[in-house]
Protein chains: 2
Amino acid sequence: MSSQYTFTGQYTFNIDSKNRINIPAALRKQFSSKDKKTFVITRGVDNCAWIYPITEWKKIQNELQQLSSLSKTNRIFLRNHLRHANILKFDKQGRFVLPQSLIDYASIKKDITIIGVLNKIEVWNSTLLQKIDKTEKVDDQSYDQLSERVNI
Amino acid sequence: MSSQYTFTGQYTFNIDSKNRINIPAALRKQFSSKDKKTFVITRGVDNCAWIYPITEWKKIQNELQQLSSLSKTNRIFLRNHLRHANILKFDKQGRFVLPQSLIDYASIKKDITIIGVLNKIEVWNSTLLQKIDKTEKVDDQSYDQLSERVNI
DNA sequence: ATTTTAACCCACTATTAACCACTTATCTTA
DNA sequence: TAAGATAAGTGGTTAATAGTGGGTTAAAAT
């Protein structure tokens, strides 16, 4: 699935006393005028929050609509991804309030790391991300498989 | 994957007090007008930084966009490669500021060596590169294997 | 009605990027 | 080969903006 969005980079911030998080200006500036500062934030597959610009989210919704609810896997998957989806806007300063349910899910304390992953933005507990960095590596075999698809 | 870019040569510089690095004029001049002084700098596979002109990087990005984030291997791979990718421009003087994360990764101190490697430019700690030069040689067997692919 | 919560607005600070000026090197031409 | 001219590389200052904190008002809930 191709997208107009190609978020990249890593940025570290603190969540403030009002549970506000700053979206890095570099990523914020990429938001199209069509998206009007509006985005969807939901549970990531890992223990982080995923942010999609609203137009991007609508594309995903279209794909999700193709999945039949007769399949149990589909039902669970759809439920988990849709029930935690919040439509938000960032304020004049480029911040938004992170919903409590996502603070819990992503174990957000104070130090957060925001990373761009093409069509989405991930919000992580900084120390959690560092841990995963060390433990979850791509093994050589998987790299070999990837090398057949991606020429980097 | 063939490219319009054929960077070659080796150049030595100092990184200045503001973490600025000069891109050698010889390489800089090759940047197409389409690239508008814009490039992506990211982690190399060795302990150096890789610079891709933005149009080159977009080719890579297109390939990355084909990978679904529902696969765990894909997620890890995408995260690790994209989070360290910074989109930058060089200034009027032909310099750019090297992000701290890459200074750390490539152990950049003061003396740096910039080398052209076809479609990308590598930024090295000079002494580190010299060390690797001595220790990491291509053995005869590997050369034989290469000879089947490259006619030099 | 009172308390709590969230949205909005304003202001300060720190960082970054743009700008300017100078030195050194290279190229050209007499 | 020398001298001028042009380009490359280096350093610092200024201006813009990104990030942060807090206060006020509006809304919601008890």
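Throughout, a chain's letter reflects where its sequence line sits, starting with A, and its residues are numbered from 1. Not measured: the values here are computed from a predicted model.
- There is a side-chain donor-acceptor pair under 3.5 Å between B:E56 and B:S3.
- Side-chain contact check for A:W57 versus A:T42: some heavy-atom pair is nearer than 4.5 Å.
- Two residues, B:K18 and B:T12, neighbour DNA chain D, and the one matched to the more 5' nucleotide by heavy-atom proximity is B:T12.
- Atom pair A:D16:CG and D:dT20:C1' shows a separation of 8 Å (rounding to whole Å applied).
- For the helix from C:dA1-D:dT30 to C:dA30-D:dT1, the axis fitted to the five pairs at one end and the axis fitted to the five pairs at the other end meet at an angle of 30° (nearest 10 degrees).
- Rounded to an integer number of Å, the gap from CG of A:D91 to P of C:dC10 is 13 Å.
- Salt bridge A:E122/B:R79: present, at least one basic N to carboxylate O contact under 4.0 Å.
- At a cut-off of 3.5 angstrom, the base of D:dG19 holds no donor-acceptor pair with the side chain of A:R20.
- There is a side-chain donor-acceptor pair under 3.5 Å between A:K120 and B:S69.
- Straight-line distance from the OH atom of A:Y11 to the P atom of D:dT20: 14 Å, rounded to whole Å.
- Taking each heavy atom of B:K18 and B:V97 in turn, the nearest pair found is O-CG1, 3.6 Å.
- The nearest whole Å value for the distance from the CZ atom in A:F90 to the P atom in D:dG19 is 12 Å.
- Of the residues in residues 27-39 of chain A, A:R28, A:K29 come within less than 4.0 Å of DNA chain D through at least one heavy atom, sorted by number.
- The pair B:R83-A:D133 counts as a salt bridge, with a side-chain nitrogen and a carboxylate oxygen less than 4.0 angstrom apart.
- Put simply, CG on B:N19 is 15 Å from P on D:dT10, counting in whole angstrom units.
- At a threshold of 4.0 Å, the pair B:R75-A:E136 does not count as salt-bridged, since none of the basic side-chain nitrogens sits closer than that to a carboxylate oxygen.
- If you check residues 93-101 of chain A against DNA chain D, the residues with a heavy atom closer than 4.0 Å are A:Q93, A:R95, listed by number.
- From A:C48, atom SG reaches atom CD1 of A:I112 across 12.0 Å, with rounding to the nearest 0.5 Å.
- Straight-line distance from the CD1 atom of A:I15 to the C1' atom of D:dG21: 15 Å, rounded to whole Å.
- The distance between the ring centers of B:Y52 and B:Y5 does not fall below 6.0 angstrom.
- Nearest heavy-atom pair across B:N22 and B:Q93 is OD1-O, 3.7 Å.
- A:N86 places its CG atom 14 Å from the C1' atom of C:dA6, with the value rounded to the nearest Å.
- The interatomic distance linking A:K92 (NZ) with C:dC10 (C1') rounds to 9 Å, in whole Å.
- A heavy-atom distance below 4.5 Å is not found between the side chains of A:T38 and A:L88.
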